[in-house]
Amino acid sequence: MTTTPIPRKGTAPGGWPLLGHAWQLHSRPLEFLNSLTAHGDLVRIGMGPHPAYVVCHPDAVHQMLADSRTFDKGGPFFDKARVLFGSSLPMAGWREHRWQRRQMQPAFQPDRIERYAVVMGEEIDRMTDRWRPGQRLDVSAALTTLTLRIVTRSVLAAEAEDEAVADVQHSLHTVIDGIYQRVMLPLGPLYRLPTPGNRRYRRACDRLHRAIDGIIAERRARPGDGDDLVAMLLAAHDDDTGEPMSDEDIRDQLMVMIGAGFETTANTLSFAFWLISQHPEVEERLHAEADRTLAGRTATPGDLGGLTFAQRVISEVLRLYPPGWFFTRVTTAETTLAGCQLPAGTALLYSAYLLQHRPELFPDPERFDPDRWLDRPADSLPRGTHVPFGGGNRKCIGDQFALIEMTMALASVCGRWRLCPDPGATLHVRARGTLGPGRLTMTCEPRGKAADG
Ligand code: HEM
């Protein structure tokens, strides 16, 4: 890719003893990540006292993602998340992962997604039917409610009005933010002090556990009920031992699935509505496409062929602001990456944000340009270049779920409503557990059916 004489292995400047680059990662993480490409293809940083290498070259990222046995999940920061999410799918080492993924993959087959799409449509209607002309809307909150209701109803096969589901929804934000803070600022015993923040985090974890345990207990009492993810997990048996999954394992799987499946999609949609409000020509084309294809009704998966521009908008939003902006791996054996020897136990980090803002790969990378996907669909790019859903056998299990949900929501809203930003409003990108737009307030202006009604 690059012909500049950048050393393949480098070190990020500005690290502090014990803290490493924790401050840069906490205070200006995106700028810090983007600055690393100047120092090599594999750049050493300090995450607190622990060293890690950021993999900056797409070929090396592809090699790492394709070989999940040598480049396994793990590392010192990963262990913090394991405390809460156990050995669930995203946390599991490669050996358990293969079995787990086999158990859960059927829940994401196209016929299942068609079923979830019915829930998606109902929830999109529920959200947009409540909007009123001229209403000032907390867009990020509305979209978070939308995606959380969709994923909890799909994954738990439960009604979003259930008390337990409301508890899950309430606690998840606090838990996800708490984990992020513990990963980025590994202050060890300080997190055990009874500060208000630590107490809030603990309470949210307990509440989340109790809520999901209640749902599992209820389903165990009705064995053979349904063919959804909960039923699949209740029926799963270990290949070697024949043991079923424990309630605790099932709880971890469900919690992680919901945790991974709502903020990611809500943030992408929030960024999308912000970006189109700043690019009237894109907005106009989205409105025209929605009018042509939907004529005011809610999108279904059958409409995707007519919503190609909406899909390009989503691809471009995922490029500019990938919600999963960094992930970690650890080497399980001595290996070579980007021409460098790495001992077993080396911590690695890859960032979709960094890769997708490299100007050699995406010219004028800060420009929002859905048409950059016109001649080269996202799946035709060199591997390791556009990785909002990761890659290899650890690739996001919910990628099709998310893409269909986001396209349906974007097009259906555009067919009925125009979301207008407050005068002088600016975007505050927030890089925490996920990359998000913070609080985003916009005003609803009716179009089509909403204007008539
Ligand atoms: C815009 C939406 C989404 C984005 C950008 C996204 C991104 C990702 C990424 C990058 C990974 C791989 C992480 C790694 O390499 O370590 C991942 C894994 C995962 N995602 Fe998503 N995700 C999204 C939506 C969803 C949804 C809707 C669900 C579930 C309903 C979901 C469930 C998962 C799970 C369970 C894994 C772990 C897969 C494994 O290790 O086998 N995600 N996601």
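Computed from a predicted structure; not experimentally measured. The chain is numbered in sequence order, starting from 1. Ligands are counted one by one from 1 in listed order, and the atoms in each one are counted from 1 as well. Just so you know, these numbers use all the heavy atoms, side chains as well, and skip hydrogens, waters and symmetry mates.
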Looking at L320 and H357, what are the two nearest heavy atoms and their distance? O-CE1, 2.9 Å

Atoms of ligand 1, numbered as shown, that sit under 4.0 Å from any heavy atom of M406: 1 (C)

Please list the nearest protein heavy atom to atom 38 (C) of ligand 1 with its residue and the distance rounded to 0.1 Å. R101 NH1, 3.6 Å

For ligand 1, which part of V151 has a heavy atom less than 4.0 Å away: the side chain, the backbone, both, or neither? side chain

Looking at atom 15 (O) of ligand 1, what's its closest protein heavy atom, distance included? Y350 OH, 2.6 Å

Where ligand 1 meets F401 - atom numbers and elements under 4.0 angstrom, heavy-atom basis: 27 (C)

F362 six-ring face occupied by R372 cation (under 6.0 Å, within 45°): no

CH2/W131: more than 12 non-hydrogen atoms of other groups inside 6.0 Å: yes

For M257, take its heavy atoms, then give the atoms of ligand 1 lying under 4.0 Å from any of them. 29 (C), 35 (C)

Looking only at protein heavy atoms, what sits closest to atom 11 (C) of ligand 1 is F389 O, 3.9 Å

When you check the side-chain N and O atoms of N393 and S68, is any donor under 3.5 Å from an acceptor? yes

Protein heavy atom at shortest distance from atom 26 (C) of ligand 1: G261 CA, 3.4 Å

Looking only at distance, does R394 have an N or O less than 3.5 Å from an N or O of ligand 1? yes

Residue R222 excluded, over 12 heavy atoms near CZ under 6.0 Å: yes

Could you say whether the N/O atoms of T328 and ligand 1 ever approach to under 3.5 Å? no

Under 3.5 Å, side chain of Q400 to main-chain N/O of F108, donor-acceptor pair present? no

Name of the residue among R329, R383, R394 meeting side chain to side chain contact (heavy atoms under 4.5 Å, CB included) with L65: R329

Are T264 and T268 close enough, and set up right, to give a side chain to side chain contact (heavy atoms under 4.5 Å, CB included), and what steps lead you there? CA-CA 6 Å; T264 43; T268 307; 5.5 Å; no

How far is atom 34 (C) of ligand 1 from its nearest protein heavy atom, and which residue and atom is that? I397 CG2, 3.8 Å

Using a 4.5 Å cut-off on heavy atoms from C-beta on, say whether the side chain of I124 contacts that of M408. yes

Taking atom 21 (Fe) of ligand 1 as the reference point, the nearest protein heavy atom with its distance: C396 SG, 2.3 Å

Could you check whether atom CD of Q278 has more than 12 heavy atoms from other residues, nucleotides or ligands sitting under 6.0 Å from it? yes

Short N/O distance, under 3.5 Å, between H97 and ligand 1? yes

Can L354 and F326 be said to form a side chain to side chain contact (heavy atoms under 4.5 Å, CB included), step by step? CA-CA 9 Å; L354 179 158; F326 88 96; over 6 Å; no

Closest non-hydrogen protein atom to atom 33 (C) of ligand 1, residue and atom name please, with distance? A260 CB, 3.7 Å

Is there a polar contact between ligand 1 and T265, counting only N or O atoms under 3.5 Å apart? no

List every atom of ligand 1 that sits less than 4.0 Å from any heavy atom of A402, numbering the atoms from 1 in the order shown and giving each element. 2 (C), 24 (C)

Please determine, by modelled atom types, if T298 and R416 share a side-chain donor-acceptor pair under 3.5 angstrom. yes

What residue and atom, counting heavy atoms only, is the protein's closest point to atom 7 (C) of ligand 1, and at what distance? P388 O, 3.3 Å

Provide the number and element of each atom of ligand 1 under 4.0 Å from a heavy atom of T268. 1 (C)

T264 versus ligand 1: do any nitrogen or oxygen atoms come within less than 3.5 Å of each other? no

Numbered atoms and elements of ligand 1 in range of P323, under 4.0 angstrom, heavy atoms: 5 (C)

Should V317 and F368 count as side-chain neighbours, where that means a heavy-atom distance under 4.5 Å? yes

Does ligand 1 have an atom under 4.0 Å from some heavy atom of M104? no

Is there a polar contact, in the sense of an N or O pair closer than 3.5 Å, between K73 and ligand 1? yes

